[in-house]
**Student:** 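Before we start, here is the structure in question, set down as structure tokens.
Bear in mind that the values here come from a model prediction, so they are computed numbers and not experimental data.
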Amino acid sequence: MLNKSIKFLIENKLVAVLLLLLFMAWGIVSTPFNWDTGGILPSNPVAVDAIPDIGENQQIVFTKWPGRSPQDIENQITYPLTTSLLGIPGVKTIRSSSMFGFSSIYIIFEEDVEFYWSRSRILEKLNSLPNNLLPNGVNPALGPDATALGQIFWYTLEGRDKDGNVTGGWDLQELRSVQDYYVKYALSSASGVSEVASIGGFVQEYQVDVNPELMKQYNVGLDQVVKAVKQSNRDIGAQTLEINKAEYLVRGLGYIKSLDDIKNAVVTATDFTSIRVQDVAQVSLGPAVRRGILDKEGAEVVGGVVVARYGANPLEVINNVKDQIKELSAGLPSKELKDGTTSQLTIIPFYDRTELIQETLGTLNEALTLEILITILVIVVMVFNLRASVLISGLLPVAVLMVFIAMKMFGVDANIVALSGIAIAIGTMVDVGVILSENIIRHMDENDQNLSINEVVYNATAEVSGAILTPSSVLFQSLPWLGPKENYSVHWPLPRRWL
């Protein structure tokens, strides 16, 4: 079958050329080098990352229970959830940890289990948990659809002047609010982004500090204060009223918009006198409790982490995030400082994997170029045939392009390990070209029967085609434990220099 295919391509050179052009164009479309084709060919590159993902196939179930000790978390959340999740198909092992206020369960699946299939099985299991398995108000959540290498872009929010110099003038609460309610949502909409996590600063919240003495004086319990605050922060819907043949919707507006809305919330009434929240407590704006900070060069800052979705092209996701940053930068707030300087909030990246990825691709590009040039020089000297050297050297870039096609089809990322393997494999590719070309040249020199060029090339190619395609067959037939060597015959003629 192999020889028939070779004969068909030799006799139909146009088909061979068209197939060559097809593979070259397909390889250029799949190449990660971001070559400019002038819009002639589309771009659908292989996923590129600098670091290979050798992590386990795992999913994370995260559960919050604020204010509880690790022992309570372990007894009432981690252990019941772990035993329930053991029944999921494809689970290899489960690891868990209980910390103050939250539980983390790491579910390790077998390598052949599809990533999103495992997530759907976990959600299916969480939705079918018994009602009394976990404490009231505790809802386990599945982690983002990303791996441990998904953190591809870190940034900070800083005040800068028109020349790009640091100006400051922003407190951490303001920066965190801009990050949580503007920047985070804008970057989350970029294609390929799984999550944008905020880091640093202070999360602003309404704080109600009750006074026990006043509560005792007015005979008010803590549950009454909590109930009053909850009920004062909601809208109420009612039926409709028909007036003059017109229907009006009736609703009560009660969402909190200022501190006074909480202060004036009624807790209870005694002797036709209302006891409000401000009579038994002090209401103010303050920072939420935090358990970490983000430090940059000794200063506390506010920023975020962009996490790429599983299976996405990290380089493409980073470019999408940068494009989104350019769009939203015009809408970031600014303020005028006391010295007259205008401080404009600016997104400043401080971890960007693009440079590392580009360095990896640049190293491979340089290595391929140098290897091809060296191959041409060596083969010109050794074979002393310019056409053969061009043929052998042309095999290398075409073979690399075909490798990118296979990587795209099988979902293999182009990382530093895979690209290094391609560079190393060029030596084997050269051997194949040298064997084939040298055998063709020898047959042309020994063409005593004046055969046509097509017949000479076919005979020379068919003579070594099997050996080139399956060189391990020769080793397989010479293994000592297979019995007497004469019981096994080589099914193709070998070049005389091999015998």
**Student:** Would you call the rings of F115 and Y310 parallel, tilted or perpendicular if under 30° counts as parallel and over 60° as perpendicular?
**Tutor:**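 Parallel, since the angle between the ring planes stays under 30°.
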**Student:** Under a 3.5 Å cutoff, is there a donor and acceptor pairing between the side chains of Q324 and N320?
**Tutor:**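 There is no such pair between these side chains.
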**Student:** Quiz question: by atom type and distance under 3.5 Å, do the side chains of W170 and S343 form a donor-acceptor pair?
**Tutor:**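 Note: W170 and S343 side chains meet the donor-acceptor criterion.
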**Student:** Would Y155 and V306 count as a side chain to side chain contact (heavy atoms under 4.5 Å, CB included) here? Give the steps.
**Tutor:** CA-CA 8 Å; Y155 63 90; V306 179; 4.0 Å; yes
**Student:** Does the side chain of V220 come within less than 4.5 Å of T268's, by heavy atoms?
**Tutor:**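 T268 reaches V220 side chain to side chain.
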**Student:** With under 30° as parallel and over 60° as perpendicular, where do the rings of W26 and F23 fit, or are they tilted in between?
**Tutor:**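 Parallel: the ring planes of W26 and F23 meet at under 30°.
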**Student:** Evaluate the side-chain proximity of V283 to V277: yes if any heavy-atom separation is below 4.5 Å, no if none is.
**Tutor:**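 V277 vs V283: side chains touch.
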**Student:** Between the main-chain N or O of Q344 and the side-chain N or O of T346, is there a donor-acceptor pair closer than 3.5 Å?
**Tutor:**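 Checking the backbone N and O of Q344 against the side chain of T346, a donor-acceptor pair under 3.5 Å is found.
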**Student:** Ignoring hydrogens and geometry, is there a side-chain-to-backbone donor-acceptor pair from R176 to V203 under 3.5 Å?
**Tutor:**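 Judged by distance alone, no pair lies under 3.5 Å.
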**Student:** Applying side chain to side chain contact (heavy atoms under 4.5 Å, CB included), run through V46 and V412 and close with a yes or a no.
**Tutor:** CA-CA 8 Å; V46 178; V412 180; over 6 Å; no
**Student:** Does the side chain of I275 reach to within under 4.5 Å of the side chain of V266, using non-hydrogen atoms?
**Tutor:**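 SC-SC contact between I275 and V266 ruled out.
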**Student:** Within the structure provided, determine whether K125 and L85 are in side-chain contact (heavy-atom separation under 4.5 Å).
**Tutor:**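 Sidechains of L85 and K125: in contact.
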**Student:** Less than 3.5 Å apart, any donor N or O on the side chain of E247 or T240 sitting next to an acceptor on the other?
**Tutor:**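 Short answer, yes.
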**Student:** Checking side-chain hydrogen bond (donor to acceptor under 3.5 Å, both in side chains) for the pair S198/Q179: CA distance, chi angles, key distance, verdict?
**Tutor:** CA-CA 7 Å; S198 301; Q179 160 63 23; 3.0 Å; yes
**Student:** Does the side chain of E158 come under 3.5 Å of the side chain of T156 through a donor N or O and an acceptor N or O?
**Tutor:**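 Result is yes, a qualifying pair exists.
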**Student:** What's the spacing between T360 OG1 and E355 CD if we round to 0.5 Å?
**Tutor:**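 One gets 10.5 Å once the value is rounded to the nearest 0.5 Å.
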**Student:** Using the ring of W117 (Phe, Tyr or Trp, six-membered ring only), decide whether R121 places NZ or CZ under 6.0 Å from its centre and within 45 degrees of its axis.
**Tutor:**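 Yes, R121 sits over the ring of W117.
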**Student:** Can you find a side-chain donor-acceptor pair between T78 and S103 that sits under 3.5 Å?
**Tutor:**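 Checked: T78/S103 side chains pair up, N/O donor to acceptor below 3.5 Å.
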**Student:** Enter the distance from E316:CD to I152:CD1 here, rounded to the nearest 0.5 Å.
**Tutor:**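 Reported value, rounded in 0.5 Å steps: 10.5 Å.
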**Student:** If you take the centroid of each ring, where Trp contributes its six-membered ring, are F62 and F102 closer together than 6.0 Å?
**Tutor:**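 Aromatic pair counts; centres sit under 6.0 Å.
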**Student:** Can you tell whether the side chains of R119 and D145 come within less than 4.0 Å, N to carboxylate O?
**Tutor:**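 Salt bridge flag = no for D145 with R119.
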**Student:** Check whether any side-chain heavy atom of I60 sits under 4.5 Å from a side-chain heavy atom of L142, and report yes or no.
**Tutor:**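 Sidechains of L142 and I60: no contact.
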**Student:** Does D223 pair with K227 as a salt bridge, N-O distance under 4.0 Å?
**Tutor:**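 Judged by the 4.0 Å cut-off on N to carboxylate O distance, D223 and K227 do not form a salt bridge.
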**Student:** Verify, without hydrogens or angle tests, whether N313 (side chain) and L315 (backbone) share a donor-acceptor contact under 3.5 angstrom.
**Tutor:**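 Yes; at least one donor-acceptor contact below 3.5 Å.
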**Student:** Are L81 and L126 close enough, and set up right, to give a side chain to side chain contact (heavy atoms under 4.5 Å, CB included), and what steps lead you there?
**Tutor:** CA-CA 9 Å; L81 270 181; L126 293 178; 4.1 Å; yes
**Student:** With rounding to the nearest 0.5 angstrom, report the OG to CD1 distance, S258 to I256.
**Tutor:**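 S258 OG to I256 CD1: 8.5 Å, rounded to 0.5 Å.
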**Student:** For the residue pair D271 and T273, confirm or rule out a side-chain donor-acceptor distance under 3.5 Å.
**Tutor:**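 Not at all, the side chains of D271 and T273 share no donor-acceptor pair under 3.5 Å.
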**Student:** Should we say atom OH of Y79 is surrounded by more than 12 heavy atoms from elsewhere, each under 6.0 Å from it?
**Tutor:**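 No.
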**Student:** State the CG-CG distance between L332 and L157, to the nearest 0.5 angstrom.
**Tutor:**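 So the CG of L332 and the CG of L157 are separated by 7.0 Å.
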**Student:** Any side-chain to backbone donor/acceptor pair from K335 onto G169? Under 3.5 Å, distance only.
**Tutor:**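 Answer holds: yes.
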**Student:** Check whether more than 12 heavy atoms from other residues, nucleotides or ligands sit under 6.0 Å from atom OH of Y116, and answer yes or no.
**Tutor:**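 Yes, because the 6.0 Å sphere around OH of Y116 holds more than 12 heavy atoms from other groups.
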**Student:** So which heavy atom on L149 is nearest to which on R353, and how close?
**Tutor:**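 What the structure gives for the nearest pair is O-NH2, 3.0 Å.
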**Student:** Do E213 and Y218 pair up side chain to side chain, a donor and an acceptor below 3.5 Å, judged on atom types alone?
**Tutor:**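 Per modelled atom types, E213 and Y218 side chains form no pair under 3.5 Å.
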**Student:** Among S98, S69, S96, S97, which one satisfies side chain to side chain donor-acceptor pair (under 3.5 Å) with E74?
**Tutor:**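 Per the side chain to side chain donor-acceptor pair (under 3.5 Å) rule, the option paired with E74 is S98, out of S98, S69, S96, S97.
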**Student:** Does the side chain of Q173 pick up a donor-acceptor pair with the side chain of S177 at under 3.5 Å?
**Tutor:**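 Yes, a side-chain donor-acceptor pair sits under 3.5 Å.
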**Student:** Roughly how far, to the nearest 0.5 Å, is CZ of F109 from CD of E114?
**Tutor:**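 Spacing of CD (E114) from CZ (F109) equals 11.0 Å.
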**Student:** Would you say N415's side chain and A50's backbone share a donor-acceptor pair under 3.5 angstrom?
**Tutor:**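 Judged by distance alone, no pair lies under 3.5 Å.
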**Student:** Could E205 and R290 be called an ion pair, given the rule that one side-chain N must be under 4.0 Å from one carboxylate O?
**Tutor:**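 R290 and E205: not salt-bridged.
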**Student:** Starting at CD1 of I108, measure out to CD of Q58 and round the result to the nearest 0.5 Å.
**Tutor:**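 CD of Q58 is found 4.5 Å from CD1 of I108.
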**Student:** Any donor and acceptor pair, going by atom type alone, linking the side chain of E174 with main-chain N or O of D171 inside 3.5 Å?
**Tutor:**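 It does hold such a pair.
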**Student:** Are a donor atom and an acceptor atom from the side chains of D161 and T341 found within less than 3.5 Å of each other?
**Tutor:**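 No, no side-chain donor-acceptor pair sits under 3.5 Å.
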**Student:** Does K322 pair with D352 as a salt bridge, N-O distance under 4.0 Å?
**Tutor:**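 Yes, this pair counts.
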**Student:** Using a cut-off of 6.0 Å, state whether more than 12 heavy atoms not belonging to Q282 lie near its atom CD.
**Tutor:**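 Atom CD in Q282 is not crowded, with 12 or fewer foreign heavy atoms closer than 6.0 Å.
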**Student:** Do Y351 and P349 come within less than 4.5 Å of each other through their side chains, counting heavy atoms only?
**Tutor:**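 Not touching, per the 4.5 Å side-chain cut-off.
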**Student:** Taking atom CG of L249 as the centre, report whether more than 12 heavy atoms of other residues, nucleotides or ligands fall under 6.0 Å from it.
**Tutor:**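 It does not: L249 CG has 12 such atoms or fewer within range.
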**Student:** Kindly say whether Q71 contributes a backbone atom to a donor-acceptor pair with the side chain of N75 at under 3.5 angstrom?
**Tutor:**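 A pair under 3.5 Å: yes.
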**Student:** For side chain to side chain contact (heavy atoms under 4.5 Å, CB included), just list the numbers for R276 and V267, CA-CA rounded to whole Å, side-chain angles, deciding distance to a tenth of an Å, and then say yes or no.
**Tutor:** CA-CA 5 Å; R276 298 169 296 177; V267 179; 5.9 Å; no
**Student:** Show the numbers, then the answer: is there a salt bridge (charged side-chain N to carboxylate O under 4.0 Å, His left out) between E195 and K184?
**Tutor:** CA-CA 9 Å; E195 182 187 29; K184 178 180 178 179; over 6 Å; no
